[in-house]
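Scroll down for the structure; my scribbles are underneath it.
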Amino acid sequence: ASDLKGKSGLKDFLAIDDFDTETIKKILDKASEVKALLKSGERDYLPFKGKSMSMIFAKPSMRTRVSFETGFFLFGGHALYLGPNDIQMGKREETQYVARVLSRYNDIIMARVFAHQDILQLANYSSVPVVNGLTDQNHPCQIMADALTMIEHIGQVEGTKLHTDQQTSGCLCWRWEQYGPLMVIIGICYSFHFVCACPKGFEPDKERVLKAHQAGLSKIEITNDPKEAVIGADVVYSDVWATMGQKDEAEYRRKAFQGFQVDEAPMKLAGPKAYFMHCLPAERGVEVTNGVVEAPYSIVFPQAENRMHAQNAIMFHLLGF
Ligand code: CP
């Protein structure tokens, strides 16, 4: 019983909107600091020495796995990869037992799972910090990396206009959960202007838009016109039309999102200073053309790199450094 905790609190990093603006800004500042340290070639600062992390993956990954494992290692820690066929959380063994056992071996747990409820349960029964590496509801580490990337490239982000194709609706939920919090952090922290473009029927839930308004975001626009959405945007952000777990809907979504592909035309409308972002992996020729991904205004690779720096800062925060 001593292993059992109450409701998961801020010992974990499960969703951006669990945190106040001050903490998010502090973590983003730390991300810039630890990034500079690694870029300087410093390899003797090892605060994670003697610490270990279990990484639970119920789904495939490149960026999340490699960035967590490499980042934790570069600061002295040891990360263990537990793939879909390893511990089989919730199948071979109940989530609460996984949490309670791993907490006795590890200092921190990172998990990529299908149902958000599973990570809540994992955090609830874990006595060490749990980090969300993607659930069906959100991807907070990606949001932090995106925020860091925008801050680095745009510098002064106050008043910046972000356009996103709200492409993976239903998964709209996934997209909305991803960008809803992004709006909250960027919008509240940095007065961001957010425009979501999506086909009819794929709009984010009205209640959630209202919630974002109530959280202090005055500049949120939802439109079905991708051309109108990109005009004057500082960042054009796209994502896959069908994400993991939605492959049976891929054909239907591909039809619904005709006209929402990001090619050179919307980038021209956005203007000469606009950046293109995508969390990757991208389906080139579907939601974005190869030309846009490879263009000088594309910052998808610095964005991918920042996954590691943002996550390192999150781990520093959770482990008390
Ligand atoms: N963006 C992202 O989470 O990439 P992976 O699925 O490769 O981890």
Side-chain angles (χ1 to χ4, degrees), residues 13-16 31 35 53-74 79-86 89 108-116 118-119 130-150 152-153 162 164-168 171-182 185-186 235-247 250 253 262 275-284 286-288 292-293 298-315:
F13 197 83
L14 305 182
I16 296 283
K35 180 175 180 175
M53 167 169 62
S54 269
M55 305 190 300
I56 301 169
F57 281 92
K59 305 180 192 181
S61 165
M62 176 169 75
R63 277 146 292 272
T64 306
R65 178 186 174 176
V66 179
S67 57
F68 263 105
E69 186 166 337
T70 306
F72 199 60
F73 163 77
L74 286 172
L80 297 96
Y81 171 74
L82 303 166
N85 293 323
D86 291 323
M89 191 172 80
I108 189 164
I109 299 168
M110 192 285 298
R112 167 170 286 194
V113 295
F114 284 93
H116 193 69
D118 290 346
I119 205 158
V130 173
V131 183
N132 180 354
L134 174 68
T135 67
D136 60 358
Q137 279 192 17
N138 60 28
H139 199 356
C141 293
Q142 183 69 56
I143 295 166
M144 293 297 275
D146 295 349
L148 178 64
T149 310
M150 283 187 264
E152 282 177 351
H153 285 80
L162 169 71
T164 176
D165 285 326
Q166 186 78 31
Q167 291 153 334
T168 49
C171 172
L172 237 197
C173 289
W174 188 80
R175 292 284 302 179
W176 179 251
E177 287 295 339
Q178 183 177 12
Y179 292 106
L182 176 65
I185 55 162
I186 300 293
V235 176
V236 177
Y237 198 124
S238 180
D239 194 6
V240 287
W241 290 344
T243 188
M244 283 179 275
Q246 293 183 322
K247 293 305 172 194
R253 285 171 175 274
V262 179
Y275 290 106
F276 174 74
M277 293 178 71
H278 192 301
C279 63
L280 303 179
E283 282 200 75
R284 295 182 191 210
V286 181
E287 76 274 8
V288 61
V292 167
V293 172
S298 166
I299 51 173
V300 300
F301 296 110
Q303 180 185 359
E305 178 188 333
N306 279 340
R307 285 292 305 276
M308 183 171 82
H309 305 302
Q311 290 157 193
N312 283 345
I314 292 165
M315 292 191 286

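All ligand and atom numbering here is 1-based and tracks the order in the structure. Keep in mind that what you see is a predicted model, and the values were worked out from it rather than measured.
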**Asked** Does Lys59 reach ligand 1, in the sense of a heavy atom lying below 4.0 Å from it?
**Response** no
**Request:** Indicate whether any N or O donor in one side chain lies under 3.5 Å from an N or O acceptor in the other, for Asn132 and Gln137.
**Result:** no
**Request:** Would you tell me whether Tyr237 and Asp146 have side-chain atoms, one donor and one acceptor, within less than 3.5 Å of each other?
**Result:** yes
**Item:** N or O contact, Cys279 vs ligand 1, cut-off under 3.5 Å
**Value:** yes
**Asked** What residues, two or more places apart in sequence or in another chain, satisfy salt bridge (charged side-chain N to carboxylate O under 4.0 Å, His left out) together with Arg63?
**Response** none
**Complete:** His139 heavy atoms within 4.0 Å reach ligand 1 at atoms 2 (C), 3 (O)
**Item:** Under-4.0 Å heavy-atom contact with ligand 1, by part of Arg65 that carries it
**Value:** neither
**Asked** Mind checking whether Pro281 has an N or O less than 3.5 Å away from an N or O of ligand 1?
**Response** no
**Message:** Using heavy atoms and a 4.0 Å limit, tell me yes or no: is Leu280 in contact with ligand 1?
**Reply:** yes
**Request:** Number the atoms of ligand 1 from 1 as they appear, then name those within less than 4.0 Å of a heavy atom of Arg307, with their elements.
**Result:** 1 (N), 2 (C), 3 (O)
**Request:** On the 0 to 90° scale, with breaks at 30° and 60°, tag the His153-Tyr275 ring pair as parallel, tilted or perpendicular.
**Result:** perpendicular
**Item:** Side-chain donor-acceptor contact under 3.5 Å, Glu287 with Ser238
**Value:** no
